[in-house]
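What follows is a short report on a single structure.
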Amino acid sequence: MNIVLLGSPASGKGTQAEILCHKFGLYHLSTGQIARDLAKKNERIREIVDSGKLIPEEEMTMYVLDFLAHQKSDLKNILFEGFPRFISQYEALEEFLKSKGDGIELVISLEVPVEEAIKRISSRWICEECGETYNLITNPPKKAGICDKCGGRLVQRDDDKPEAVKTRFEYYQNNTKGLIDFLDKEGKLTRVDGARPIDVIASDLITLVMKVRNNDKNKDK
Ligand SMILES: [Zn+2]
């Protein structure tokens, strides 16, 4: 069972990915992680990653497929997060999995409105001393602006400021909208409202995955 989890910045897809992987024993393939590993060895990639941009579409496809072929060659039960983002990437992944007798069983789009994304991200503050993160809504520091752990000053990352969040959000929409529309037309997309509490969303996602897993088992019989 392979799953693709799509979601805008601040949709909470990282958190939900972890919950699902833990619950169902899925391998969490996060392209953020692949990109960071590549950046350690490759100066050009490091610049792309540091600037918050995406690795070019076809190059990223190559890295992911290479990773799957060599480091995850049993290819079972993967949750893809951050890839595919484009139709070409989706088709390349599907083709590759098909060649191994496997496929993509579920594509979820976790959706939050831009205002909600801005609200969530701009409530995120980080200690400039120790890097501890706080959320003013869900996990505030005991004393405003001060780190509970080390007493350091809490600051906001530049790309977490409202204008930057809006840009990141639009960037996501412009890039991934093509894929979302394509999957929607093919009847392959399941949209999930991401503007709800984490546990409510998680319970919806778990139900979805269980349904797909049961279908899968019946197919094998
Ligand atoms: Zn601190």
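Just so you know, ligand 1 is whichever comes first in the structure, and atom 1 is the first atom listed for that ligand. We number each residue from 1, following the sequence as shown.
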Check this for me, if you would: do [X] and [Y] make a salt bridge, where the nitrogen-to-carboxylate-oxygen distance has to be below 4.0 angstrom?
{"X": "Lys166", "Y": "Glu170", "answer": "no"}
{"X": "Arg46", "Y": "Glu43", "answer": "yes"}
{"X": "Glu116", "Y": "Lys119", "answer": "yes"}

- Query: Counting N and O atoms only, with roles assigned by atom type, does the side chain of Asn2 sit under 3.5 Å from a partner on the main chain of Ile78, one being a donor and the other an acceptor?
  - Reply: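 A pair under 3.5 Å: yes.
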- Task: Ignoring hydrogens and angles, tell me if any N or O in the side chain of Tyr172 forms a donor-acceptor pair with the backbone of Gly7 under 3.5 Å.
- Result: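 The answer is yes, because a donor-acceptor pair under 3.5 Å joins these two groups.
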- Message: Can you confirm whether Ile55 sits close enough to Ile34 that some side-chain heavy atom of one is under 4.5 Å from a side-chain heavy atom of the other?
- Response: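 No; the side chains remain at least 4.5 Å from each other.
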- Task: Just the protein N/O/S atoms under 2.8 Å from the Zn ion (ligand 1), please, no waters.
- Result: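 Less than 2.8 Å away from the Zn ion (ligand 1) sit Cys127 SG, Cys130 SG, Cys147 SG, Cys150 SG.
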